[in-house]
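Just so we're on the same page: letters track the sequence lines, and every chain starts at 1.
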Amino acid sequence: MCGRFTLTLDPGEIQTLLELGPFVHIVQPRYNIAPSQPVPIVKNADTRTVELYRWGLVPSWADDLNIGNRMINARSETVHEKPSFRSAFKYRRCLILADGFFEWRAEQSGPKTPFLFKLKNDNPFTFAGLYEHKELPEGGELHTCTILTCEPNELVRDVHNRMPVILDEKARWTWLKPDADQSVLRALMAPFPADAMKCFPVSRAVNLPENDRPEVVEPVAG
DNA sequence: CCAGACGTTGTT
DNA sequence: GTCTGG
DNA sequence: CCAGACGTTGTT
DNA sequence: GTCTGG
């Protein structure tokens with residue numbers, strides 16, 4: 001799955017490499033983005049505007065906003081039929097910007113080992129995501145999103161049994177097309193090629209979301 | 001009809 | 001909101 | 001994802 | 001064990 005990720009590159013660099021519209025939200029590099037925090041997303045392939053949405057999807061009909069804490073991922077295999085996701089899958093697909101993600105490997109005993117996964121060229125990339133808007137009783141609107149998951153590729157498989165859906169430069173704009181049909185979308189929700197990725201163990205300091213600093217993206221022995 | 005669920009992951 | 005179960 | 005809390009009463 | 005918060 002994907003429960004923590006990074007966006008460390010300079011905003012100008014991200015904008016250029018992902019061919020996005022201008023954005024000003026990301027003023028600080030993020031080394032440890034955790035659920036419930038604001039994450040940068042793109043909803044429209046024409047404007048390519050970047051907005052911040054809370055990570056953890058809350059369906060528009062949910063009474064309990066805490067449901068978002070458990071909706072940080074959506075299984076791509078079932079997203080079209082689950083009540084919490086199917087409407088967003090049909091009408092509200094988005095891209096979530098990242099340049100790395102963490103997965104934890106369970107050991108025979110003792111604490112899990114966190115690994116950082118990146119593209120070999122260190123470029124930024126985009127997760128396939130869904131977003132939702134909910135009217136709040138006290139007024140205002142809650143904007144939330146979730147990251148789709150799929151089977152792991154050969155690289156991720158050694159660490160975990162799920163990985164986030166990553167869309168390449170061609171797939172990402174197709175994903176945002178409002179009239180894209182199911183068979184096309186289905187084909188996009190596949191494991192990213194392992195030969196374009198790398199990974200290495202990192203400090204368990206990443207376990208604490210408050211450790212949002214460069215140390216947690218540095219390789220360690222393990 | 002109304003009431004209640006609606007999710008993922010990992011582990012057992 | 002929409003579906004399932006009673 | 002991981003870490004940390006997990007309760008009531010009455011009083012300040 | 002299960003839920004909430006980040």
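Taking side-chain N and O atoms only, A/N161 has no distance below 4.0 Å to OP1 or OP2 of B/dT9. Within the structure, a side-chain polar atom (N or O) of A/N207 is placed less than 4.0 Å from OP1 or OP2 of D/dA3.
In this structure a side-chain-to-backbone donor-acceptor pair under 3.5 Å is present from A/R4 to A/N207. Between the side chain of A/R105 and the backbone N or O of A/F115 there is no donor-acceptor pair closer than 3.5 Å. Side-chain atoms of A/H143 never come within 3.5 Å of backbone atoms of A/L52 as a donor-acceptor pair (strictly under, hydrogens ignored).
As rounded to whole Å, 14 Å separates atom C1' of E/dG5 from atom CG of A/N32. Taking atom CG of residue A/D64 and atom C1' of nucleotide C/dG1, one finds them 17 Å apart after rounding to whole Å. Atoms NE2 (A/H160) and C1' (D/dC2) sit 12 Å apart, rounded to a whole Å. Spacing between atom CE of A/M71 and atom P of B/dT9 amounts to 12 Å, rounded to whole angstrom units.
A/V58 is listed as a side-chain neighbour of A/L142, based on a closest heavy-atom distance under 4.5 Å. Using a 4.5 Å heavy-atom cutoff, the side chains of A/F127 and A/I166 are in contact.
Counting non-hydrogen atoms under 4.0 angstrom, A/S36 reaches a base of the nucleic acid. Contact annotation for A/I72: base contact, defined as any heavy-atom pair under 4.0 Å involving a base atom. Within 4.0 Å of A/F85, counting heavy atoms only, lie sugar-phosphate atoms of the nucleic acid but no base atom. Nucleic acid contact for A/R75: sugar-phosphate only, since backbone atoms but no base atoms lie under 4.0 Å from a heavy atom of the residue. Using a 4.0 Å heavy-atom distance criterion, A/T149 is classed as a sugar-phosphate-only contact. As judged by a 4.0 angstrom heavy-atom cut-off over every strand, A/T78 is placed among residues touching the sugar-phosphate backbone only.
To the nearest 0.5 Å, atom CD1 of residue A/I41 and atom CG of residue A/L97 are 9.0 Å apart.
The listed nucleotides are B/dC6, E/dT4, B/dT8; the one nearest the side chain of A/N66 is E/dT4. Here the side chain of A/Q37 is nearest to one of D/dC1, E/dG6, B/dT8, namely E/dG6. Taking the side chain of A/L208 as heavy atoms from C-beta on, and the options D/dA3, B/dT11, E/dG6, the nearest nucleotide is D/dA3. With distances taken from any side-chain atom of A/K82 to the nucleotides B/dT9, B/dT11, B/dT8, the minimum falls on B/dT8. Taking only side-chain atoms of A/R4, from C-beta outward, the nucleotide of D/dA3, D/dC1, B/dT8 with the closest atom is D/dC1. Here the side chain of A/P83 is nearest to one of E/dG6, B/dC6, B/dT8, namely B/dC6.
No single ILVMFWY cluster, assembled from side-chain heavy atoms under 4.5 Å apart, contains both A/L17 and A/F101.
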Exercise. Would A/W55 and A/F5 count as a ring pair (Phe, Tyr, Trp, His ring centres under 6.0 Å) if you check the C-alpha gap in whole Å, the side-chain angles of each, and the deciding distance to 0.1 Å?
Worked result: CA-CA 11 Å; A/W55 184 15; A/F5 66 96; 5.1 Å; yes

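Comparing E/dG1 with B/dT11, their P atoms are spaced 12 Å from each other, to the whole Å. Going from the C1' atom of D/dG7 to that of E/dT4 covers 16 Å, rounded to whole Å. Comparing the P positions of E/dG6 and B/dC1 gives a spacing of 42 Å, expressed to the nearest Å. D/dT8 and B/dA3: their C1' atoms are spaced 31 Å apart (whole Å). Look at the P atom in both D/dC2 and B/dG10: the space between them is 9 Å, to the nearest Å.
Remark: DNA chain B forms stems of 3 or more consecutive Watson-Crick or G-U wobble pairs, all pair distances under 3.5 Å, at B:1-6 with C:1-6.
Screening A/L95, A/N44, A/D46 for a side-chain contact (heavy atoms from CB on, under 4.5 Å) involving A/L176 leaves a single residue, A/L95.
Here A/W61 packs flat against the base of B/dC6; its ring centre is closer than 5.5 angstrom to the base's six-membered ring, tilted by less than 30 degrees.
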